[in-house]
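Take a look at the structure set out below.
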Amino acid sequence: MKFNRILLSLLVLSISCLSPTYAQENLIPLPIKMELRDGALNLSNGIILKKTDSSLTGEYLLASAIIAEWKVAESAVNNKQLPTLDLQLIDEASDQKQREDYIIKIDNEGIRIIAHSPTGIFYGLQTLRQFSVQNKSLAHCEINDQPAFPWRSFLVDVGRNYQPLHLLKEQVDIMAQYKMNVLHFHFTEDVAWRLASKKYPNLTAASNITRGGGEHYSEQEFKELIAYCKARHILLLPEIDMPGHSQAFKRYFGVDMQSDSGIVYIKELLKEFSQTYQDLPYLHIGGDEVKITNKNFMPEITEYVEELGYKTIGWEPGSNLMPQTIRQLWMGGPKRIPEQGDLIYIDSKHLYINHMDPLETVTTLFHRKIGEQDKAHKNLIGATLCAWPDRAVSKPLDMFYQNAVYPALVTFAERVWRGGGLAGWTCNIVDENTIAYQEFKNFENRLLNHKNMYFSNKPFPYVKQTGLKWELIGPFQNEGNLTRSFPIEQQPYADGIEVTKTVEGGTIILRHWWADIIPGAIEGPLPNTTWYARTKIWSEKNENKSFWIGFNNLSRSYASNTPKKGTWDNLESKVWVNHQPIQPPLWEQAGIKGDLEVPLIDEGYTFREPTQISLKKGWNEVLIKLPVSDFKGEDWQNPVKWMFTLIPSN
C-alpha cells in the first residue's frame, strides 16, 4: 500500500507539471517539503519589494531581477492595495545547516522568504526564480527547505586545461542557480602553474607550461573570481597540489618540492598567496598520486598553511595527512562513512564525470548516495563533483560536450541537496517497477524542462532516455571470433528467439569497466560471447532522423586509442535499421595510438555530427551486435567498455 501511495503521488506530480499554474513543480533541486494550496497571488497590478535590511543589498538586486523576468511591474510606492515581496531575516543561525534553511510563503498578501541568513534568503530567491508566472499570477504555496549536506562542491581542473574567466563565471552562475556552494579550483598541475606570482613571474611563462602555453590567471582575475563567487554565496576553495602533480613547479625552480630547497620555495609561494588573497578560509593541499620521499613534508606544510590561517583539505588516499586535515575521498568502491572518530570526509568517489558516458552521467549521479549516507553527520560534510579532463582539448567548450558538465552539475545539485539515493553504485536505468525508477523519471522530466528553459544556448548533451526499451538476446559463443555472424542478424524477430532481459535507456552498459564495483546490464558476463540488442522505433512519416550512436565511450582521462577506419569500435560492433547496416563515421583520427596531448575530435557521439538514419513511416526495427572476446583490454589506458548508445538526438 505504501509503494502504491508513493507511485500515485509521483504520478500526480508529473501530471500537475503539465499545468502552467503549477510550473514550480519543475524545481531543481526539488524542495524537501512543498505544499501547493488553493488560490493564486494576483500580480497584474505589480508588486512592492520591501527593502528593510541593509545586509540584503545583493538579495534585493536579485529580487528585482526576478520581478523583471516575470514581466511584472515593481512599484516604488507604498500601496496597500499591492502585494509585497518581503525578505525576512530571523534569529541568527546556530549552525551551517540552519544558515542555509529557507521558507517561502505565497498567499494573497504577497511573497515572503524567511531565513536565518542572507545565504538562506539567496537560496529562497533562487527557488522563486524558477517559478513561472502565468496570467500574472502565482499559485499559493509554502516551501520549507534545507540541504542534506552543507558541502556541495564542483571541481574545475584549470591546471590541465585552462578555462577563460567568462566561462568560469558562467559555471558559477549555474552553481548558484542550483544551490551549490563551493567552487574547488585546481590550478596547479604537472603541465602548468596557472596563477600569477609577483615574486616569481616566470612561473607562469609560456616556456614553463607544456599545454596552453602562457594561459594563466592574473592576480586581478583571481580576485575577480573570488568576489564573483562570494556575491553568489559560493566559497572558492583553491587547491595547490603538493607535493605531487608539481612538475611545473620543478621545471621552474629546478628542484623537487620535497627537497629542502623545494620546501623553501613552496612556502614562499604559499605566503605570497595568503597575503594576496584574503577571506579564503580553506586551502586544499593535495597529497595524491605521489611517492613520499620526505615523510616530514606534509606535516611541515600543513602546520605552515595553518599558521597562515587556513583549514586544510587533502586527498585520501594520498600522502601522510595530519588528523585535522579534512579528507577528500577519491578512490575505491562504495563505503559507508560512519559517524565515529574525529576525521572529517568529503566524498568524491565515483563522482569523476570525465570517466562517465554523457547519458550514464545523469543516471549515475541521480542515484548516487553520498558517503553511503542519506544526509550529513559530523564526520561526513558532503561531496564534490569533479571534472578532470586529463586529455588536452582543442578549445575549452569541448570539455562541456565531452563530459556533459551541465547535465551532471544539475543532477548532482539535486542529489547533494536532497540526500538519499541508492546503496552501491548504479550505471543503467533501474527497473521500472521500483520507486527509484519513478523518481528518476520525474527528475528527468524536470531536467529536460530546465534544459529548454535555461540551457538553450549552452552545451547540454542530454536527451530523454526513459521509454526507450531494449531486448537483450544472448549469449552466443563466438570462440574469440568477433566477426562471427548468427542467424538473428538475418531475422531479428524470427519465431523462437528468446529474450534474455529487457533494459531501458539511450546508453546501455553491458559490463562496466569497473565491473568489480559497478554492476552492468548482464549478470555474470562471459568472455568470447556475442550479444544482440533490439528495439523498435516509431516514426510518424518517412523521414531522415538524427541519432546519437556510440560504443566504447572514451574516457577523457586515459590515452585511449581511437577506433580503426571502417569500425564503430575495436569490438566489431554493428548496427542495422530495417536490415540496413548503419555505417560508422569517417573518423578524422582513425586508428591512432592514444596520446593525452592529442585532443579528441569526433570520437564521442555528443561532440560530432549526429548520424542520419532513414526511417520509414510506422515501426522501424533496430538491431545492434555486441561481440566481446576477453575483458582485459589492451592496457590500462584502453579498458574494455562493453556498452552501446543509440537514441534520437533531439
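Keep in mind the model is a prediction, meaning the values are calculated, not measured.
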Query raised in the report: Under the 6.0 Å and 45° cation-pi test, does Lys169 pair with Tyr228?
Result: yes

Can you tell me if [X] uses its side chain to pair, donor with acceptor, with the backbone of [Y] under 3.5 Å?
{"X": "His284", "Y": "His186", "value": "no"}
{"X": "Arg556", "Y": "Met356", "value": "yes"}
{"X": "Asn379", "Y": "Gln340", "value": "yes"}
{"X": "Thr57", "Y": "Ser54", "value": "yes"}
{"X": "Thr606", "Y": "Tyr401", "value": "yes"}
{"X": "Arg418", "Y": "Leu30", "value": "yes"}
{"X": "Ser348", "Y": "Leu351", "value": "no"}

Which residues satisfy the salt bridge (Lys or Arg N to Asp or Glu O under 4.0 Å) test with [X], sequence neighbours excluded?
{"X": "Glu109", "answer": "none"}
{"X": "Asp53", "answer": "none"}
{"X": "Lys458", "answer": "none"}
{"X": "Arg368", "answer": "Asp347"}

Is there a side-chain contact between [X] and [Y] in this structure, where contact means two heavy atoms from C-beta onward sitting under 4.5 Å apart?
{"X": "Leu236", "Y": "Val172", "value": "no"}
{"X": "Tyr352", "Y": "Asn403", "value": "no"}
{"X": "Leu269", "Y": "Phe273", "value": "no"}
{"X": "Gln126", "Y": "Leu62", "value": "yes"}
{"X": "Glu316", "Y": "Leu343", "value": "no"}
{"X": "Leu168", "Y": "Gln171", "value": "yes"}
{"X": "Val182", "Y": "Tyr282", "value": "no"}
{"X": "Leu195", "Y": "Thr204", "value": "no"}

Suppose we screen for side-chain contact (heavy atoms from CB on, under 4.5 Å). Which residues come up paired with [X], at least two apart in sequence or across chains?
{"X": "Asp398", "answer": "Val393, Ser394, Lys395, Gln402"}
{"X": "Lys464", "answer": "Glu444, Asn445, Leu448, Thr466"}
{"X": "Arg415", "answer": "Phe366"}
{"X": "Asp288", "answer": "Asp241, His245, Trp315, Trp330"}

Query - Matching residue for Leu283 among Leu270, Leu308, Leu237 - test: side chain to side chain contact (heavy atoms under 4.5 Å, CB included) - result: Leu270

Query raised in the report: Out of Glu372, His367, Glu439, Lys369, which residue meets the side chain to side chain contact (heavy atoms under 4.5 Å, CB included) rule with Leu422?
Result: His367

Report task. Quick one: do Glu170 and Tyr406 satisfy side chain to side chain contact (heavy atoms under 4.5 Å, CB included)? Show the steps, please. Result -> CA-CA 11 Å; Glu170 179 179 284; Tyr406 287 150; 2.5 Å; yes

Report summary line: Contacts satisfying salt bridge (charged side-chain N to carboxylate O under 4.0 Å, His left out) that involve residues 142-157 (not counting sequence neighbours) are Arg37-Glu142, Glu100-Arg152, Asp157-Arg160

Query raised in the report: What salt bridge (charged side-chain N to carboxylate O under 4.0 Å, His left out) pairs are there with at least one residue in residues 72-90, not counting sequence neighbours?
Result: Lys50-Asp86

Query raised in the report: With no hydrogens and no angle check, do the side chains of His233 and Thr119 hold a donor and an acceptor under 3.5 Å apart?
Result: yes

Requested in this report: Give a yes-or-no answer on whether the side chains of Glu272 and Tyr200 include a donor-acceptor pair shorter than 3.5 Å.
Outcome: no

[X] side, atom [atom1]; [Y] side, atom [atom2] - distance, nearest 0.5 Å:
{"X": "Leu27", "Y": "Arg446", "atom1": "CG", "atom2": "CZ", "result": "8.0 Å"}
{"X": "Leu43", "Y": "Ser137", "atom1": "CG", "atom2": "OG", "result": "7.5 Å"}
{"X": "Ile285", "Y": "Met322", "atom1": "CD1", "atom2": "CE", "result": "9.5 Å"}

Requested in this report: Would you sort out whether Phe443 and Thr411 count as a side chain to side chain contact (heavy atoms under 4.5 Å, CB included), showing the intermediate values?
Outcome: CA-CA 8 Å; Phe443 172 75; Thr411 306; 3.5 Å; yes

Requested in this report: Mind telling me whether Phe187 and Trp193 have parallel, tilted or perpendicular rings, with 30° and 60° as the class edges?
Outcome: perpendicular

Query raised in the report: Taking the six-membered ring for Trp, are Trp417 and Tyr102 parallel (under 30°), tilted (30 to 60°) or perpendicular (over 60°)?
Result: tilted

Report task. Using the side chain to side chain contact (heavy atoms under 4.5 Å, CB included) rule, take Arg112 and Asp107 through it: C-alpha gap first, then chi angles, then the decisive distance, then the call. Result -> CA-CA 9 Å; Arg112 280 165 290 163; Asp107 53 30; 2.7 Å; yes

Requested in this report: Give a yes or no on whether Glu69 atom CD has more than 12 heavy-atom contacts from other residues, nucleotides or ligands under 6.0 Å away.
Outcome: yes

Query raised in the report: Under the ring-ring contact (aromatic ring centres under 6.0 Å, His included) test, which residues partner His450, sequence neighbours left out?
Result: Tyr178, Tyr454

Query raised in the report: With sequence neighbours left out, what residues match His216 under side-chain hydrogen bond (donor to acceptor under 3.5 Å, both in side chains)?
Result: none

Report task. Give a yes or no on whether the ring-centroid distance for Tyr462 and Phe455 is below 6.0 angstrom. Result -> no

